[in-house]
Amino acid sequence: MRYIARIATLLLALSTVMPQLQAQTSTNANEPEPHRLLRYAPPYPFDNDGGYQLLRAMTRPTDVSGKLRRREDPLVMYAPWSYLLAGRNFAFGRWDLGIDGLVFMFPHYNKTDGLWLGYEVQLTYQLAARNKLILRSSQNYALRSKHWYSENHLLLHYAPELNALAVLSAGHTSRSSIHLTPEELYRGHYPEIIGGETRPEWRKYFISLRHRINPTSRLGLNMLASYEDRKPQIEFRHLLNRHRALTLEAATSIVLIPLGSIDYIEPQPHRSTPIRAQGYNPLELGLRFRSAIDLGAHYSKYQLAEASLSGAIAIDPELRLDYRINVGKYLNRDRMSRLDERFLPQDPIVGRLPLSYQWAALPEEWTAGEAWLMAQANLYTYGLLLSPLKQVSLGLDEALHLRAYKGLDNRAYAEIGYSIGWGNVSRLGIFYGYDTALDDSRFAIKLNLPISLLLSVWSERD
């Protein structure tokens, strides 16, 4: 059911892209709303991206004949029914009220809870230019488990020159208790983002405070304090059942080699796109440390440390490589539940996260174990299977994907994949994975639609 809902959401968004963007408007009245789709456009030399070429064609103000689009054009005119389905924002001076559409009344599904029936609203107050206070509230009822879930997040976007964000969260859920903005998800911060893992077999009451800031263009900092009262929805043997967790976590990303310090083929004038601490730099170092504070026998108690090296290299305008290497270890595992394990990032068959660092064919229950080494690489090009069809390929690019894992317990897993799509806007891929310990092969097909993150403006600064 969740896959059907996501596909329907995408089709609706594509058919009413302009009305939706005009409905969920930014507070910058001088910015043409369609160009919000381009707000994450990559800098040179990564800008030869089929996804953004497609978006630029969708958002340009003229048609192929050079004439201005007419107001009657369905991509320009308001469609009242799209507001009912996709939602709308209502502006009242400095206040902005966002109302969800009918399409989003089924926001989630898992085997334990069944289908969620819910509704979400957002209230925004503009403090100053690019500074805002946001209250986002989601109220949901799980039809199978018959639990009421309430997720509430208060976001403060401030100090735009430092990309600063503070998030206070509280509620009751079986999903992750950490709220990520569309920007954080789309830019690929997700694999390294701080915060506890989520498993639908558990529901929890939670309160947390997260703070993110980039003191310089080469340094990013994240800090988190989180409390969870966890209740299992099924019985677990030899593990913590009803328990609590008080965790403190810190993470940093450091740009070791910034974009622009390497001579690329066919150099061109550098674009003015700001470079953040995570993004398109050739070499970045990530560090994270998490500690579950021991407050008694019914509290989780463990410590985890992890480091990563990642980067992106434009070999030429039509050949791009990005990579990530992770190494991590639990320093102690005195008292833990499944929620305290390090899970490998995955998305459903139809997902909204970029395909770059998602595992595709990996079993859902797979954890990193006591210690782990992981490597991931993606090679994007226009010169593989679609090369003979380049003139009629509609700007589609191709990618080869490689993922590998090795654990301290001698488990090993690897997968390879091939995908076609428009950059990180939309991709369809097929993957083959192999588990050496079990001598087990797995196949998977993935459809990822990060364009849904581009269409979403909720929780963002602009």
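Index from 1, following the sequence.
If you take NZ on Lys204 and CD on Glu228, they are separated by 4.5 Å, rounding to the nearest 0.5 Å. Expressed to the nearest 0.5 Å, how far CD1 of Ile416 lies from CG of Leu402 amounts to 8.0 Å. Rounding to the nearest 0.5 Å gives a distance of 9.0 Å between CG of Leu256 and OG of Ser310. From Ile445, atom CD1 reaches atom CZ of Phe431 across 10.5 Å, with rounding to the nearest 0.5 Å. Here CD1 of Ile313 is found 11.0 Å from CG of Leu379. Values are rounded to the nearest 0.5 Å. Between the CG atom in Leu453 and the OG1 atom in Thr181 there is a gap of 9.5 Å [rounded to 0.5 Å].
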Should His179 and Arg136 be marked as a side chain to side chain contact (heavy atoms under 4.5 Å, CB included) after you check the CA-CA gap, both sets of side-chain angles, and the distance that decides it?
CA-CA 10 Å; His179 179 70; Arg136 183 166 179 171; 3.8 Å; yes
For side chain to side chain contact (heavy atoms under 4.5 Å, CB included), just list the numbers for Leu449 and Arg352, CA-CA rounded to whole Å, side-chain angles, deciding distance to a tenth of an Å, and then say yes or no.
CA-CA 5 Å; Leu449 307 170; Arg352 64 173 185 160; 5.6 Å; no
Please walk me through it: do Glu249 and Arg288 pass side chain to side chain contact (heavy atoms under 4.5 Å, CB included)?
CA-CA 7 Å; Glu249 187 163 355; Arg288 70 190 297 202; 3.1 Å; yes
Apply side chain to side chain contact (heavy atoms under 4.5 Å, CB included) to Asp100 and Trp458, showing your working.
CA-CA 10 Å; Asp100 243 351; Trp458 281 15; 3.9 Å; yes
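Using modelled atom types, one side-chain atom of Gln122 and one backbone atom of Ser459 make a donor-acceptor pair closer than 3.5 Å.
Donor-acceptor pairing under 3.5 Å is recorded for the side chains of Ser419 and Arg427. Defined by atom type and a distance below 3.5 Å, a donor-acceptor pair is missing between the side-chain atoms of Gln233 and Ser174. Side-chain polar atoms of Asp439 and Tyr434 form a donor-acceptor pair below 3.5 angstrom. A side-chain donor from one of His172 and Arg203 sits under 3.5 Å from a side-chain acceptor of the other.
Using bins of under 30°, 30° to 60° and over 60° for the plane-to-plane angle, the ring pair Trp372/Tyr330 lands in the perpendicular bin. Ring geometry for Trp359 versus Tyr413: interplanar angle of 30 to 60°, hence tilted. By the 30° and 60° cut-offs, the orientation of the rings of Tyr405 relative to Trp366 is perpendicular. In this structure, Tyr280 and Phe46 have tilted ring planes: the angle between them lies in the 30° to 60° band.
The minimum heavy-atom distance linking Asn140 with Gly118 is given by the pair OD1-CA, 3.3 Å. Looking at every heavy atom in both residues, Asn110 comes nearest to Trp116 through ND2-NE1, 4.0 Å. In this structure, Ala377 and Arg403 approach most closely via the heavy-atom pair O-NH1, 3.4 Å. Ser177 approaches His153 most closely through the heavy-atom pair O-CE1, 4.2 Å. In this structure, Asn131 and Tyr158 approach most closely via the heavy-atom pair OD1-CA, 3.4 Å. Taking both residues in full, the closest heavy atoms of Glu364 and Gln346 are given as CA-NE2, 3.7 Å, listed atom of the first, atom of the second, then distance.
Listed by first then second residue, pairs satisfying salt bridge (charged side-chain N to carboxylate O under 4.0 Å, His left out) with a partner in residues 404-416 read Asp409-Arg411, not counting sequence neighbours. The salt bridge (charged side-chain N to carboxylate O under 4.0 Å, His left out) contacts involving residues 155-165 comprise nothing, where partners must be two or more places apart or lie in separate chains.
A salt bridge links Glu341 and Arg333; the closest N-O separation between the charged side-chain nitrogens and carboxylate oxygens is under 4.0 Å. A salt bridge does not link Glu183 with Arg461: every distance from a Lys NZ or Arg NE/NH1/NH2 to an Asp or Glu carboxylate oxygen is 4.0 Å or more.
Counting heavy atoms from C-beta outward, Asp334 and Asp294 have side chains that stay 4.5 Å or more apart. The shortest side-chain heavy-atom distance between Ser300 and Met336 does not fall under the 4.5 Å cut-off. Side chains of Arg342 and Glu306 form a contact here, defined as non-hydrogen atoms less than 4.5 Å apart. Lys111 places none of its side-chain heavy atoms less than 4.5 Å from the side chain of Pro200. Two residues are said to be in side-chain contact when any heavy atoms from C-beta on lie closer than 4.5 Å; Leu400 and Leu384 meet this criterion. Using a 4.5 Å heavy-atom threshold, the side chains of Tyr380 and Leu319 count as separate. Under the 4.5 Å side-chain criterion, counting only non-hydrogen atoms from C-beta, Arg210 is in contact with Leu180. Side-chain contact between Phe289 and Leu331 is present, with heavy atoms from C-beta onward closer than 4.5 Å.
Checking each of His401, Arg320, Arg324 against Asn378 for a side chain to side chain contact (heavy atoms under 4.5 Å, CB included) leaves exactly one that passes, namely His401. Just one of Arg230, Lys301, Arg290 meets the salt bridge (Lys or Arg N to Asp or Glu O under 4.0 Å) condition when paired with Asp340; it is Arg230.
Geometric assessment of Arg175 against the ring of Tyr149 yields a negative cation-pi assignment under the 6.0 Å and 45° thresholds.
With sequence neighbours left out, Asp229 forms a side-chain contact (heavy atoms from CB on, under 4.5 Å) with Tyr205, Tyr227, Arg242, Arg244. The side-chain contact (heavy atoms from CB on, under 4.5 Å) check on Asn152 picks up Ser137, Gln139, Ser150, with sequence neighbours excluded. Under the rule for a side-chain hydrogen bond (donor to acceptor under 3.5 Å, both in side chains), Asp49 has no partner lying at least two apart in sequence or in another chain. Looking at residues two or more places apart in sequence or on another chain, you find a side-chain contact (heavy atoms from CB on, under 4.5 Å) between Asn448 and Asp347, Leu355, Lys446, Pro450.
Aromatic ring centres of Trp202 and His243 lie closer together than 6.0 Å.
Within 6.0 Å of the CG atom in Leu135, the count of heavy atoms belonging to other residues, nucleotides or ligands exceeds 12.
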